[in-house]
**Q** 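Okay, handing you the structure first.
We count residues from 1, following the sequence as given. Nothing here was measured: the structure is a model prediction, and the numbers come from that model.
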Amino acid sequence: MAVNTSPESPLPVGEVSRLIGGWIDRLGAVWVEGQITQLSRRPGAGVVFLTLRDPSHDISVSVTCYRQVFDAVADVVGEGARVVVLAKPEWYAPRGQLSLRAAEIRPVGVGELLARLEQLKKSLAAEGLFAPERKKALPFLPQLIGLVCGRASAAERDVLENARHRWPAVRFEVRNVPVQGVHAVPQVVQAVKELDAMDEVDVIIVARGGGSVEDLLPFSDEQLVRAVAGCRTPVVSAIGHEPDTPLLDYVADLRASTPTDAAKKVVPDVGEELERVRMLRDRARRCAAAFVEREERGLAHALARPAIQDPHRMLDERADHVLSLLERGQRTLGHLLDRADSELTHTHARVVALSPAATLRRGYAVLQRADEHVVRDPAEVTAGEALRARVADGELTVKVDG
């Protein structure tokens, strides 16, 4: 429960320490899993001191136990071993220190570790972290390769030597980190994140030589798997040998069976590429030569045609035909014009012969009343009525005689 304090009524340090100890005592005994990083067994001492560390986080706690408790597992437990401890938290009030008093220590067996890894593998796969569609393609020729490996390790030497043998100009950004033990996971994760943040790094290789299941456990850690899954840079896993398959192999964009295999898969071989270029050049040359030869044959065939050898021959032949058609057209048009002229002359003669003017020239006249109506019947006029007589060369006025 909360304690009421104020600047005027503070609690003494001893009282605070006593309260913390009381709260911790309420926790009771708990089972704790971790990795032993420090172990102190002083000769003749009845108490064994050790440090238990969380492999995935930078957190550790001191543990004490009676010698007989540790002696029960001393043959199978040492520094670096994973253990499960039944311990009760204790608060040492004079120094303000928290520790665990172990009543039982059990080593974590390989079978149990593998079972836990299988369960973690299924859980991460269900989240889609191992899905093929998440895999990123590696660049054909990386300009700068990030390498995470142990310092002066065989894995580092294998990657660097094989890569530079294949492509001498390749460059590396190396991060040397612990590859086993309690400090491996956080430092490998930090190295991967640092390389992923560098824009010039094209691909990251995480490499380690072979080892036991316990030695390779850091590369199956959930924190590392999630860090690699979040990388924007392609990551290559090169852990152990062919049979070794840590969880990093499943989340990485490419799995290499060994560090040497990683160098071969990431860096192209300059000799092979030059040979491929030579083959492509020869193929292109053959294709170009075949194309030119085929076009030359086509051109020769076209030039052998009569129309190409004597191009004016066709024009001359067509010219005679065109001239014949022209003369025929002129004759036809002349006949048509002559016929039309004759028909026009006859038509004109008939029109002239049938026109009223021609009738008037023969001595006829047309009588019209004052309203210009033509007189056709003597009954239409009256005696003394003035009429207009139209003749061939003019008109005159006449009067009807009663």
**Q** Do NZ/NE/NH1/NH2 and the carboxylate oxygens of Lys136 and Asp253 come within less than 4.0 Å?
**A** yes
**Q** Would you mind checking if Glu173 and Arg171 are paired as a salt bridge, meaning a charged N to carboxylate O distance below 4.0 Å?
**A** no
**Q** Is a salt bridge present between Lys265 and Asp261, judged by a nitrogen-to-oxygen distance below 4.0 Å?
**A** yes
**Q** Short question: side chain of Ser220, backbone of Leu247 - any donor-acceptor pair under 3.5 Å?
**A**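 Yes, Ser220 side chain to Leu247 backbone: donor-acceptor pair under 3.5 Å.
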**Q** Sequence neighbours left out, cut at 3.5 Å: what donor-acceptor pairs do the side chains of residues 289-311 make with other protein atoms?
**A**
from   : atom 1 : to     : atom 2 : distance (Å)
Glu293 : OE2    : Arg297 : NH1    : 3.3

**Q** Please give me the minimum heavy-atom distance between Leu100 and Ala87, naming the atom from each residue.
**A** CB-CB, 3.7 Å
**Q** Please report, to 0.1 Å, the donor-acceptor pairs under 3.5 Å made by any side chain of residues 332-342, with sequence neighbours excluded.
**A**
from   : atom 1 : to     : atom 2 : distance (Å)
Thr332 : OG1    : Arg328 : O      : 2.8

**Q** Check whether any side-chain N or O of Arg232 sits under 3.5 Å from a backbone N or O of Asp196 as a donor-acceptor pair, and report yes or no.
**A** yes
**Q** Please tabulate, for side-chain N and O atoms in residues 365-375, each donor-acceptor pair with protein atoms closer than 3.5 Å (sequence neighbours left out).
**A**
from   : atom 1 : to     : atom 2 : distance (Å)
Gln368 : OE1    : Arg388 : NE     : 3.4
Gln368 : OE1    : Arg388 : NH2    : 2.7
Arg369 : NE     : Glu385 : OE2    : 3.0
Arg369 : NH1    : Glu380 : O      : 3.4
Asp371 : OD1    : His373 : N      : 3.1
Asp371 : OD1    : His373 : ND1    : 3.3
Asp371 : OD2    : His373 : ND1    : 3.0
His373 : ND1    : Asp371 : O      : 3.4

**Q** Could you tell me whether Glu272 and Lys264 have a side-chain N and a carboxylate O separated by less than 4.0 Å?
**A** no
**Q** Quick one: does any side-chain atom of Ser123 pair with a main-chain N or O of Leu120 as donor and acceptor, under 3.5 Å?
**A** no
**Q** Tell me whether the guanidinium CZ or amine NZ of Arg101 lies under 6.0 angstrom from the six-membered ring centre of Tyr66 and within 45° of its axis.
**A**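 Pair Arg101/Tyr66 counts as cation-pi.
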